[in-house]
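So the structure is just underneath, and the comments pick up after that.
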Amino acid sequence: MTRKTAILAAAVAATVSALTAPAAQARTAASTETRTGAFSAAKGEARYAWVKSCAKKSSGYTMACGPWTVVMRDGTTRTLTDARVNPVTAAGKVNKEVVSEFNLSGDGRSAAYFRKSDGKLVVRDFATNRVRVLPGATSRLPKGVGMDDVDAKLSYDGGRIMLDYTDTKDKLPTLLVDLKTGKVSKISPKLSIQGFSPDGHHLLATRSTGENTTELLVLDENGATTARRVVPQVVANNTPQAVADDGNSVAVMISTPSGKTRLRVYDLEADSVGAAVDVKVPKNESPHQLTWDASGSLTLWNLRNNKDGDTTGVVRRTLDPDLGATSTIDTLKLGAKVYMWWLPGE
């Protein structure tokens, strides 16, 4: 699932109370958070971002009533009054039923969003509070594309950004922008981008083939394909996934019917799936996001669900890929005042 699909699913969940799937409800909970684990308070580093939920009197639905608020690791909050909350469509109208694009880098030090004053895509550095407009035409929307048709994703350090456009004919390429040099590379719109490697030099992508199989691809920092393989079913049918800095090792989280969580590492070059490693997490949690770090360890974000399948919290843990051992880094407790929340690296 792309981030844009997740946003739309969240908007539906926010307005239709009959939806009960955890993935749909994940972004309609509100947040009173508790802090646990080994993270030191870091200036300029975000834990998560959120938008307030307000009831629409005429219908009883909930709507985003903004502005975007970023909770920092030093305990402070930042209100981004310049960030657009509701997107402007290709027809020039404001869509109050969904939330505009917003993305936090994996290290939590940068955020990408549409600026309210001029509708341009910008990146804010939390340490310096500097806001930079994306280079050239990448800061503006292509003709026929609205703010609700853009999926943006920053690399871990915020040095690169991927822009995926949803257009009627599926002709617009995905753009990979180097924010330091201004270089723009084009990626086929037929590929679904999953995410960056920790160093930002590789992108993991998938493609559905004409034979109803799934092809996994790794792209370099210029958008060129460095590896590709039609993958086994256990890789194709499970998420989340993450590519390491070697551009070859792909970690895959697996949720079994019995409620267990397992990890496998797929070697693209050898076309081999590593042994299943049981991950030591409570059964009321489900994998949500996975990333490698430069040392070869993993970070796992899990959604914590109650017996009704409602998401009540998010837990961030380190994960040993060889042993399955985990250690809690951070815990967010979710309640009923947040329309949508966003984690670093999503």
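Counting heavy atoms from C-beta on, the side chains of T206 and S192 come closer than 4.5 Å. Side-chain atoms of T214 and V230, non-hydrogen and from C-beta on, never get closer than 4.5 Å to each other. The side-chain heavy atoms of T318 and S297, taken from C-beta on, include no pair separated by under 4.5 Å. A 4.5 Å side-chain heavy-atom check between L290 and L298 finds at least one atom pair inside the cut-off. Side-chain contact between V131 and Y113 is present, with at least one heavy-atom pair separated by less than 4.5 Å. Taking 4.5 Å as the limit, some side-chain heavy atom of T209 sits within range of a side-chain heavy atom of R207. The shortest side-chain heavy-atom distance between V277 and L323 does not fall under the 4.5 Å cut-off. When side chains are defined from C-beta on, R115 does not count as touching R84, because their heavy atoms never get closer than 4.5 Å.
For the side chain to side chain donor-acceptor pair (under 3.5 Å) test, no residue two or more places apart in sequence or in another chain qualifies with Y156. For E285, the side chain to side chain contact (heavy atoms under 4.5 Å, CB included) criterion is met by V281, P282, N302, R304, V315, R317, not counting sequence neighbours. Checked against side chain to side chain donor-acceptor pair (under 3.5 Å), S105 has the following partners two or more places apart in sequence or in another chain: D107. In this view, T76 and D74 satisfy the side chain to side chain donor-acceptor pair (under 3.5 Å) rule, not counting sequence neighbours. In this structure, the side chain to side chain contact (heavy atoms under 4.5 Å, CB included) partners of K93, at least two apart in sequence or on a different chain, are T89. For K96, the side chain to side chain contact (heavy atoms under 4.5 Å, CB included) partners two or more places apart in sequence, or in a different chain, are M63, N86, V94. Every side chain to side chain contact (heavy atoms under 4.5 Å, CB included) that P87 has, sequence neighbours left out, goes to N95, V98, S100, M147, D148. Every side chain to side chain donor-acceptor pair (under 3.5 Å) that D246 has, sequence neighbours left out, goes to S249.
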Please report the C-alpha distance between S110 and L104 in whole Å, then the side-chain angles of each, then the deciding distance to 0.1 Å, and finally whether the side chain to side chain contact (heavy atoms under 4.5 Å, CB included) criterion is met. CA-CA 6 Å; S110 305; L104 290 171; over 6 Å; no
Between M72 and R78, does the side chain to side chain contact (heavy atoms under 4.5 Å, CB included) criterion hold? Intermediate values first, please. CA-CA 8 Å; M72 311 302 291; R78 300 195 189 186; 4.0 Å; yes
Before you tell me yes or no, could you show the steps for D178 and R160 under salt bridge (Lys or Arg N to Asp or Glu O under 4.0 Å), namely the whole-Å CA-CA distance, both residues' side-chain angles and the distance that decides it to 0.1 Å? CA-CA 5 Å; D178 189 318; R160 292 182 173 86; 3.6 Å; yes
The test is side chain to side chain contact (heavy atoms under 4.5 Å, CB included); show your working for S53 and V338 and say whether it passes. CA-CA 5 Å; S53 176; V338 172; 5.9 Å; no
Side chain to side chain contact (heavy atoms under 4.5 Å, CB included) assessment of V150 paired with D164: CA-CA 6 Å; V150 182; D164 186 11; over 6 Å; no
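How far CG of L141 is from CG of L121: 6.5 Å, rounded to the nearest 0.5 Å. For the atom pair T328 OG1 and D330 CG, the distance stands at 9.5 Å (nearest 0.5 Å). In this structure, K52 NZ and Y339 OH are separated by 15.0 Å, a value rounded to the nearest 0.5 Å. Separating the CG atom in L219 from the CG atom in L191 is a distance of 6.0 Å, to the nearest 0.5 Å. Summarising the geometry, atom CZ belonging to R229 is positioned 9.5 Å from atom CG belonging to N248; distances are rounded to the nearest 0.5 Å. Distance check: Q289 CD to W301 CH2 gives 6.5 Å after rounding to the nearest 0.5 Å.
A donor-acceptor contact shorter than 3.5 Å links the side chain of T326 to the backbone of K280. In this structure, H201 contributes its side chain and E221 its backbone to no donor-acceptor pair below 3.5 Å. Remark: the backbone N or O of G324 is not paired with any side-chain donor or acceptor of D320 at under 3.5 angstrom. Proximity of a side-chain donor or acceptor of D293 to a complementary backbone N or O of G296 within less than 3.5 Å is detected. Within the 3.5 Å criterion, the main-chain N or O of L172 finds a donor-acceptor partner in the side chain of D167. Looking only at distances, no side-chain donor or acceptor of R316 sits under 3.5 Å from a matching main-chain atom of L332. Looking at S155, its side chain never comes within 3.5 Å of a backbone N or O of G200 through a donor-acceptor pair. Counting only distance, with no hydrogens or angles, the side chain of N103 and the backbone of L154 share a donor-acceptor pair below 3.5 Å. In this structure a side-chain-to-backbone donor-acceptor pair under 3.5 Å is present from S188 to K190. Side-chain N or O atoms of E101 include one that pairs as donor or acceptor with a backbone N or O of A152 at under 3.5 Å.
When all heavy atoms are compared, the tightest approach of P198 to W292 is CG-O, 3.0 Å. Nearest heavy-atom pair across K153 and F196 is O-CE1, 3.4 Å. The minimum heavy-atom distance linking P344 with A46 is given by the pair CG-O, 3.6 Å. Contact between S197 and A244 at its shortest, heavy atoms only, is CB-O, 3.6 Å. When all heavy atoms of G119 and F114 are compared, the pair lying nearest together is O-CD2, 3.3 Å. The two atoms that bring P321 and L263 nearest to each other are CA-CD2, 3.6 Å, heavy atoms only.
I254 shares a hydrophobic cluster with L204, L216, V218, V231, V234, V235, V243, V250, V252, Y266, L268, V273; the chain of contacts runs through ILVMFWY side chains whose heavy atoms sit under 4.5 Å apart.
No side-chain donor-acceptor contact under 3.5 Å links T79 and T81. Using modelled atom types and a 3.5 Å distance limit, the side chains of N222 and K183 yield a donor-acceptor pair. A side-chain donor from one of H288 and E346 sits under 3.5 Å from a side-chain acceptor of the other. No side-chain donor from either of D267 and S272 sits under 3.5 Å from a side-chain acceptor of the other.
Within the structure, every pair that satisfies the side chain to side chain donor-acceptor pair (under 3.5 Å) test and touches residues 129-143, not counting sequence neighbours, is listed here: R124-N129. Within the structure, ring-ring contact (aromatic ring centres under 6.0 Å, His included) pairs that include any residue of residues 64-92 comprise W68-F102 (at least two apart or interchain). For the disulfide (SG to SG under 2.5 Å) condition, the pairs that include at least one residue of residues 43-86, sequence neighbours left out, are C54-C65.
Taking 4.0 Å as the cut-off between side-chain N and carboxylate O, D125 and R109 do not count as a salt-bridged pair. With respect to R262 and D278, a salt bridge is recorded, a charged nitrogen being found less than 4.0 Å from a carboxylate O.
Cluster membership for V85 and M340, using ILVMFWY side-chain heavy atoms within less than 4.5 angstrom, is shared.
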